[in-house]
Amino acid sequence: MPELPEVETVKRSLEPLIKGEQVINAKINYPNLLKNSSSEKFEEKLEGQIFSSICRRGKYLMFNFDSSLKMIVHLGMSGQLRYEKKNTDPKKHTHVFLELDSEYELRYVDVRKFGRIYIGTYDEVINESSWHKLGPEPLSKEFSFEEFFQVLNDYPKKKIKAVLLDQHAIAGIGNIYADEMLFRSKIHPRSLSGSIPKEIAKKLYKQMREVLKLGIENHGTTLNDYVDGLGDEGSFQFSLKAYGREGQECEYCSQEISKIKVAGRSTHICTNCQVKYC
DNA sequence: CCGTTCCTGGAT
DNA sequence: ATCCAGGAACGG
């Protein structure tokens, strides 16, 4: 579910709601979500903590408190963080309850249980998650085209789609947005990263930033179950040009969009428009 | 580089 | 019954 735009939307929806709120009770009932802590320690560390802010890096969220404690959450494929009233029935597959000093609580819901939660000091959570190994933030001002082009050339023989999906190369891009940016820049996903001409890479850089920005502006893509902290769906699914459109017309040339497998992931392309550089 | 694995549920 | 799904670590 959640790629950079969805995770950013969750952050933006949640931060104003929980800022300054105190956790008066913490409960986790699926311990495997915790990668560096027992359930008991997790609950114990959180109780009494006051939320101060949330920051996002790639697809990770870091929760800050009025103390040195940090909590990192990765939503995996189907994770949701929901701000809900305590007296409401939790959705099925709710694994974590952070009861706040109000009528609300922060709940973590995850059908497939691929999510991960880390708790501890900054150094602990950074090192125990993969946060410290993440590549550059694709939307940051400092991430110039020259730097992007360098990343492509750091993996010269790797397929461009695999590079875009590699969180160590660039942080935050997932299967949907990778297909969208490749479609819009008319690059075949099996192109070798190091073989893409500079002028073409420039298009990809521009579309990478454009697509992610549009994703955020549209509050993410809701295909199945993605929602933000308030349970609201995104709307970028209505603007997708490639992902999930197999059999439909390419908006540039009217040929049918096809679905293939690249880097082990389902991939949507127009074989007529997207050029393969090898 | 690929396949497998962690899970559940919806579609076919 | 089988395949597939927005992620990513791991082993060969």
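Lettering of chains follows the sequences in order, A, B, ..., and the numbering in each one begins at 1.
Between C:dA8 and A:His74, a contact under 4.0 Å exists linking OP1 or OP2 to a side-chain N or O. Within the structure, every side-chain polar atom (N or O) of A:Ser266 is placed at least 4.0 Å from both OP1 and OP2 of C:dC4. In this model, the phosphate group of C:dG6 is not approached by any side-chain N or O of A:Tyr177 to a distance below 4.0 Å at OP1 or OP2. Side-chain nitrogen and oxygen atoms of A:Lys261 include at least one within less than 4.0 Å of the OP1 or OP2 phosphate oxygen of C:dA5. Contact between the side-chain N/O atoms of A:Arg265 and the OP1/OP2 oxygens of C:dG6 is found at a separation under 4.0 Å. Within the structure, every side-chain polar atom (N or O) of A:Ser130 is placed at least 4.0 Å from both OP1 and OP2 of C:dG7.
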Self-check item: Pair pattern of DNA chain C in dot-bracket, where unpaired bases get dots and | marks partners in another strand, Watson-Crick or G-U under 3.5 angstrom
Solution: |||||.||||||

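Using the six-membered ring where Trp is involved, A:Phe143 and A:Phe148 have ring planes that are perpendicular, over 60° apart on the 30 and 60° scheme.
Proximity of residues 152-174 of chain A to DNA chain B (heavy atom under 4.0 angstrom from any strand atom) is restricted to A:Lys157, A:Lys158, A:Lys159.
Using a 4.0 Å cut-off between charged nitrogen and carboxylate oxygen, A:Glu199 and A:Lys203 do not count as a salt-bridge pair.
The distance between atom CG of A:Asp110 and atom P of C:dA5, rounded to the nearest whole Å, is 18 Å. Across the protein-nucleic acid pair, A:Ile176 atom CD1 and C:dA5 atom C1' stand 10 Å apart, rounded to whole Å.
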Exercise. Go along nucleotides 7-12 of chain B 5' to 3' and tag each nucleotide: B for a protein heavy atom under 4.0 Å from its base, S when only backbone or sugar atoms are that close, - otherwise.
Key: BBS---

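Remark: the A:Tyr226 side chain and the A:Glu3 side chain contain no N/O donor-acceptor pair separated by less than 3.5 Å.
Straight-line distance between the P atoms of B:dG9 and C:dA8: roughly 22 Å, to the nearest whole Å. Of the C1' atoms belonging to B:dC1 and C:dG6, the separation is 23 Å, rounded to the nearest Å.
Distance from the side chain of A:Tyr226 is smallest for C:dG6 among the nucleotides C:dA5, C:dA9, C:dG6. Here the side chain of A:Lys259 is nearest to one of C:dG7, C:dA5, C:dA8, namely C:dA5.
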